[in-house]
There are 2 protein chains.
Amino acid sequence: MPTDAVEDYLKAIHRVESRSGPPVSTSQIAEALDKTPATVTSMVESLAERGLLSREKYEGVELTPAGEVAALEVVRRHRLIEAFLAEQLDYEPTEVHDEADALEHHVSEEFTRRVERLLDYPAADPHGDPIPPADLSAPEDAGTTLVAALEPGERGTVARVSDRDADVLEFLVDAEITPGTTVEVVDITSFGLVTVRTDDGTEHGLPEAVADRVYVRRGTDSAAATDGQEAGDA
Amino acid sequence: MPTDAVEDYLKAIHRVESRSGPPVSTSQIAEALDKTPATVTSMVESLAERGLLSREKYEGVELTPAGEVAALEVVRRHRLIEAFLAEQLDYEPTEVHDEADALEHHVSEEFTRRVERLLDYPAADPHGDPIPPADLSAPEDAGTTLVAALEPGERGTVARVSDRDADVLEFLVDAEITPGTTVEVVDITSFGLVTVRTDDGTEHGLPEAVADRVYVRRGTDSAAATDGQEAGDA
DNA sequence: CTATTAAATTAGACCGATCTAAAACAGGTA
DNA sequence: TACCTGTTTTAGATCGGTCTAATTTAATAG
């Protein structure tokens, strides 16, 4: 019943909320969805009328429980589709996002469950983001951003990397900074450049925009991260 | 670039055209898509402006080559998705249609090709309908309707069955009248009831609405029809 | 406390897809 | 020929989602 657009808004609001917490501002949503603020205002009005979010004029917006559920359903479909594309159709991790963005609005619950079963109930998508189970009991976490988690000299395990921006993702894949790898923070400059050393000893300078999208847990994991054993800790 | 609605219209027009030939009337389209004739008129106007079909007011409509191509692309995606759902996700033949109808508008060319490859270039979907190859060089045929092809006493091989109407399809599956089975026409009544005898010797009375959706080739095939060896003959 | 500025909202328009109700048309019948 | 009858088109409205331009509000600096 919800339209594609409605699902996109809920998903975007959910993401922002889970990073910087509510309230979520009009401009944050506009930014995330590449819409004008005016458009967002009117959409958000109608979302509020439907009970999917609560809204304080000029203040921002927060998902209601109903909105949260709807958002999680989209996230679940998105990540399952990503996992499916990578595992069954040999997509590269960098390629799955756009396809999943289109499909996530149009697969049935039946399809979702069958895919989940086919993949044997994966815990995470190819970027390491946890896949909410069918009951949506999502712990929905896994790591904090690089600079928040680690001081220079400390090491951590990459929990996941953002799949939002294709360029950023490609940068990280090239540098072999992917879920499961260990990184040591060498240095953080005043202007946000983060230098890290990876497993193989090479160093990479990550611009702020990139570093902000790498999520790690402090310390090192012994278990490798081929699939997704890291759901629901931290 | 074409919207879902545009693709739906093209697909519907293509189907009608390939059954009863052009021109296709407003009411035929309205019927097929469950829209009002007024709606169809206005949509068809815009399709004509885009060069996807040619139109004679009060006469009907015919796909242009461009429209035909666009329609075949949708058909190709639809049938590949159906085949995929049945083979990879264990859907029953009766269940694939609706899911494919939703997905067909949103899978990329990349996805389509990968699925096609995964399935090893299937010739037909689970109902026996031929899948146009990537170059769309569709022979796009396979069989004529039961009553047109066979006189009482004659036998034929089921080439495909329509997946349009879920009830009809279920009826046929129950009667084990599926692509590849041999049927003998026992009798045809004046009011359109067709009695057929299947492989196993049982007889089934098919109401006109059902019989019209069974496509056969005269005579019997020795080859079985598990997948789709029957593309492009007849 | 006022003035500036950045963010958010309102006002008004547009487009695509749909509908209902009314008018125009085409084909067959008397 | 003139009239029905069913089909098609036109006219005009609505809805969802979007935009631009103008206005209002909240926060901040003086």
Side-chain angles (χ1 to χ4, degrees), chain A residues 1-13 16-17 19-63 66-67 70-71 74 101-102 104-106, chain B residues 1-13 16-17 19-63 66-67 70-71 74 101-102 104-106:
Chain A
M1 206 56 68
T3 65
D4 294 13
V6 166
E7 291 191 343
D8 283 337
Y9 278 83
L10 294 176
K11 193 175 55 154
I13 294 165
V16 175
E17 237 179 46
R19 300 265 176 281
S20 29
V24 176
S25 72
T26 298
S27 49
Q28 281 177 307
I29 301 169
E31 163 84 8
L33 295 174
D34 196 26
K35 300 274 149 67
T36 66
T39 301
V40 171
T41 297
S42 78
M43 188 65 189
V44 133
E45 239 164 45
S46 106
L47 258 25
E49 270 161 30
R50 299 200 211 185
L52 295 169
L53 47 81
S54 58
R55 171 171 129 87
E56 198 75 34
K57 256 196 199 172
Y58 293 98
E59 287 300 311
V61 114
E62 177 173 9
L63 291 178
V74 182
D101 255 2
E104 65 187 6
H105 308 300
H106 303 101
Chain B
M1 208 55 67
T3 64
D4 295 12
V6 166
E7 291 191 345
D8 283 337
Y9 277 84
L10 294 176
K11 193 176 54 154
I13 294 165
V16 175
E17 239 178 44
R19 300 269 175 279
S20 29
V24 177
S25 72
T26 298
S27 51
Q28 282 177 307
I29 302 169
E31 164 83 8
L33 295 173
D34 195 26
K35 300 274 148 69
T36 66
T39 300
V40 171
T41 296
S42 75
M43 187 65 189
V44 134
E45 240 164 45
S46 105
L47 259 24
E49 271 162 30
R50 299 199 211 187
L52 295 169
L53 47 81
S54 57
R55 171 170 128 88
E56 198 75 34
K57 258 195 196 172
Y58 293 99
E59 287 300 311
V61 114
E62 177 173 8
L63 292 178
V74 182
D101 255 2
E104 65 187 5
H105 307 300
H106 303 100

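Quantities reported herein were computed from a predicted structural model and do not represent experimental measurements. Note on naming: letters A, B, ... go to the chains in the order of the sequence lines (proteins, then strands), and numbering restarts at 1 for each one.
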Participant: Just to verify, what does A:Ala70 make a side chain to side chain contact (heavy atoms under 4.5 Å, CB included) with, not counting sequence neighbours?
Facilitator: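 So A:Ala70 forms a side chain to side chain contact (heavy atoms under 4.5 Å, CB included) with A:Leu10.
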
Participant: So, using side chain to side chain contact (heavy atoms under 4.5 Å, CB included) as the criterion, who are the partners of B:Glu62 when residues are at least two apart?
Facilitator: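 Applying side chain to side chain contact (heavy atoms under 4.5 Å, CB included) to B:Glu62 gives B:Glu17, B:Pro22, B:Ser54.
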
Participant: Find every protein N or O atom lying less than 3.5 Å from an N or O atom of nucleotides 19-22 of chain D, and list the pairs.
Facilitator:
unit_1	atom_1	unit_2	atom_2	d
D:dC19	OP2	A:Thr36	N	3.2
D:dC19	OP2	A:Thr36	OG1	3.2
D:dC19	OP2	A:Thr39	OG1	2.4

Participant: May I have all residue pairs that pass salt bridge (charged side-chain N to carboxylate O under 4.0 Å, His left out) and include part of residues 19-29 of chain B, sequence neighbours excluded?
Facilitator: none

Participant: Return the polar atom pairs (N/O with N/O) between nucleotides 13-15 of chain D and the protein under 3.5 Å, or none.
Facilitator:
none

Participant: With a cut-off of 3.5 Å and sequence neighbours excluded, list every side-chain donor-acceptor pair involving residues 40-49 of chain B.
Facilitator:
unit_1	atom_1	unit_2	atom_2	d
B:Thr41	OG1	B:Pro37	O	3.2
B:Ser42	OG	B:Thr39	O	3.1
B:Ser46	OG	B:Met43	O	3.4

Participant: Report each atom pair, protein N/O against N/O of nucleotides 6-8 of chain D, whose distance is under 3.5 angstrom.
Facilitator:
unit_1	atom_1	unit_2	atom_2	d
D:dT8	OP2	B:Ser27	N	3.0
D:dT8	OP2	B:Ser27	OG	2.9

Participant: Listing time: all N or O pairs from protein to nucleotides 13-15 of chain C that are below 3.5 Å?
Facilitator:
none

Participant: Just to verify, what does A:Arg50 make a side chain to side chain donor-acceptor pair (under 3.5 Å) with, not counting sequence neighbours?
Facilitator: none

Participant: Once side chain to side chain contact (heavy atoms under 4.5 Å, CB included) is applied, do any residues pair with B:Ser27, and if so which ones, sequence neighbours excluded?
Facilitator: B:Ser25

Participant: If the condition is ring-ring contact (aromatic ring centres under 6.0 Å, His included), which residues does A:His105 pass it with, not counting sequence neighbours?
Facilitator: none

Participant: With B:Ala38, which residues qualify under side chain to side chain contact (heavy atoms under 4.5 Å, CB included), at least two apart?
Facilitator: B:Thr36

